[in-house]
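Shown next, in structure tokens, is the structure this report addresses.
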Amino acid sequence: MDLRDFISQWEQQGDLKRVTAEVDWDLEMSHIAKLVEEKDGPSLLFENIRGHAPGQKVIFGVFSNTRRLATILGRPSSMTMTELSYEWMKLSVGEVIRAEELETGPIFENILEGDDVDVFKIPSPRFYDKDGGRYVGTAVFHVVRDPETGEINLGTYRSQVLDSKTIGAQILKGKRGDRILQKYKKLGQKMPICTVVGCDPLLMLAGSAMVENANEYDVVGTLRGEPVKIVTEPLTGLPIPADAEWVLAGYVDGDDLREEGPFGEYTGYYTEELYHPVKKPAVNVERIYHRDDPVFMAASVGRPVNDNHMMLAFVRNATLWTELTKMGIPGIKSVYMPPEACGRFWAIVSVKQLYPGHADQVAAAVIASNTCTYGLKGLIIVDDDIAADDLPRVWWALATRYDVKRGTQIINRGRSTPLDPALDPSSKFITSRLVLDATIPFEWKEKPVEVKLSPEVLESIKARWSELGLD
Ligand SMILES: Cc1cc2nc3c(=O)[nH]c(=O)nc-3n(C[C@H](O)[C@H](O)[C@H](O)COP(=O)(O)O)c2cc1C
Ligand SMILES: [Mn+2]
């Protein structure tokens, strides 16, 4: 599958609209996309971008609703995010399907090097008016290789256009990508890197997942049920998708950090660079590859709910569920990370309790998981009669099963993201966390008995419905 397969599929199901009128990359595209997204509209394929070569296209809204997330996972478009996450979990605990290397692919149709390397030829949007510049990487992933183990790692880090031959790569402290960069730095070497913009959207989703000790190409192969087709980028020797739309190849010099940002982020707030400059890793671009008539993939940011929150919620939901399953914790019924909470800061887990303390075990496991150790602030645990994504019933449990003193745990310290506007500016990497246990304690002998309609009476009045004149 490549991006173009999805474009055709969405067009057929009426879930994609081509915009042929000329639009500006500077604020206009992002603003149009945001308005359409807020009305749960189709994804938008902009085909005429001011100042860019005819044939160049930009797609927005790839991830912004569950219909399209379902198609990306190859499932019926009626499935909910929680159902899709369950499918992801089921597939990813199965046998791994490794990537398949091809000799060549459409990504090599156009190769720009030397003086022809000009990042401004790519139709990167500027999203919000206080942004530091154009962003080439919002629906992006970067490919690197661990210099010690040889393992390939994909990671999604926002990328600003810094100049015609440099883009930012905001690889935050402690991410797998950062740990790899630090190894190169220690070796006194620059880190070869490929930046992929536009491809099978599932690859981008995998790039944004907290995957340790696995190659995300293999994760996607396993989810797809067939190997991802890769080719080797000659300059860096790194594997890139054979049918990607745009790829930038070059290196990061860990000793040469550059100012980047600010950016109107997925939290709905601008980042700290609005107040003071922050230096970050940057990619020195030595080659640009693109397909004929390339499709640039962009993801909208800003206040929830949009592309970013749907991606974060879906991927974190799916990998949390996978981790809980792999940890062998019984009774997990459903998992949900609401996009409205930016897709990452709150989680809800429904569990069929089997022993005293089971809900506490679930809480400890969620907090220890790779998925939730980063950024989670709040966790709500509910009993199995309530689905994790049934928010009205979750509220009911908070109202009637949760006792503040018995059901609350505050965890003082945990890893977090400097993008969280609620964190003290002097301590941006550490958060506290809240656990709300809204289950009925397993060990209680006299449990609250739920009020239910009598089945016999229901049966009998069903037969009398016409007679009662209520049809
Ligand atoms: C749209 C989007 C943008 C992201 N931007 C960044 C970013 O700028 N920096 C960052 O460190 N993580 C960012 N993330 C989260 C990372 O992709 C995620 O932590 C992933 O695990 C990083 O890859 P790694 O674990 O291989 O380092 C973003 C996620 C999404 C969905
Ligand atoms: Mn990774």
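Every number for a ligand or one of its atoms is a count from 1 in the order of the listing.
- For residue Met210, no N/O/S atom approaches the Mn ion (ligand 2) to within less than 2.8 Å.
- Scanning the protein heavy atoms around atom 9 (N) of ligand 1, the nearest turns out to be Gln170 O, 2.6 Å.
- Remark: distances from the non-hydrogen atoms of Leu154 to ligand 1 include one below 4.0 Å.
- Close approach of ligand 1 to Leu172 (heavy-atom distance below 4.0 Å) involves ligand atoms 9 (N), 10 (C), 11 (O).
- Remark: ligand 1 atoms within the under-4.0 Å shell around heavy atoms of Gly207 are 17 (O), 20 (C), 23 (O).
- Ion pairing between Asp26 and Arg126 holds under the 4.0 Å rule for side-chain N and carboxylate O.
- Scanning all protein heavy atoms for the shortest distance to atom 26 (O) of ligand 1 gives Asn153 ND2, 2.8 Å.
- Looking at Phe141, Phe263, Tyr135, Tyr157, it is Tyr157 that brings a heavy atom closest to atom 22 (C) of ligand 1.
- In summary, the side chains of Ser77 and Gln13 do not present any donor paired with an acceptor at a separation below 3.5 Å, with no hydrogens or angles considered.
- Contact annotation: the side chain of Asp420 approaches that of Lys377 to within less than 4.5 Å [non-hydrogen atoms, C-beta and beyond].
- Annotation: angle subtended at the Mn ion (ligand 2) by Asn153 OD1 and Glu216 OE2 is 100°, to 10°.
- With hydrogens left out, the protein atom closest to atom 17 (O) of ligand 1 is Thr156 O, 2.7 Å, a heavy atom.
- Residues Asp424 and Ser427 bring no donor and acceptor atom of their side chains to less than 3.5 Å of each other.
- The environment of NZ in Lys175 is crowded: more than 12 heavy-atom neighbours from other residues, nucleotides or ligands sit within 6.0 Å.
- Listed by atom number, the atoms of ligand 1 under 4.0 Å from Thr138 heavy atoms are 1 (C).
- Between the Mn ion (ligand 2) and Leu154 there is an N/O/S contact shorter than 2.8 Å.
- Every atom of ligand 1 with a heavy atom of Arg158 under 4.0 Å away is listed here by number and element: 5 (N), 6 (C), 7 (C), 8 (O).
- Taking the ring centre of Phe127 as origin, the terminal cationic atom of Lys34 falls outside the region bounded by 6.0 Å and 45° from the ring axis.
- Classification of the Phe60-Phe46 ring pair by plane angle, with boundaries at 30° and 60°, yields perpendicular.
- With a heavy-atom cut-off of 4.0 Å, Asn308 touches ligand 1 through its side chain alone.
- For atom 15 (C) of ligand 1, the nearest protein heavy atom (residue, atom name, distance) is Lys175 NZ, 3.7 Å.
- An N or O contact shorter than 3.5 Å links Gly177 to ligand 1 by distance.
- Protein heavy atom in closest approach to atom 18 (C) of ligand 1: Ser208 O, 3.6 Å.
- Thr271 and Glu273 are linked by a side-chain donor-acceptor pair at a separation below 3.5 angstrom, with hydrogens and angles left out of the test.
- Ion pairing of Arg158 with Glu265 is present here, as a side-chain N (NZ or NE/NH1/NH2) and a carboxylate O approach within less than 4.0 Å.
- Counting heavy atoms from C-beta outward, Ile367 and Val435 have side chains that approach closer than 4.5 Å.
- Residue Ala209 holds the heavy atom nearest to atom 20 (C) of ligand 1 of all those in Gly168, Gly137, Ala209.
- Between the side chains of Gln9 and Thr71, not a single donor N or O lies within less than 3.5 Å of an accepting N or O.
- Ligand-side atoms of ligand 1 in range of Arg176: 24 (P), 25 (O), 26 (O), 27 (O), range being under 4.0 angstrom from any heavy atom.
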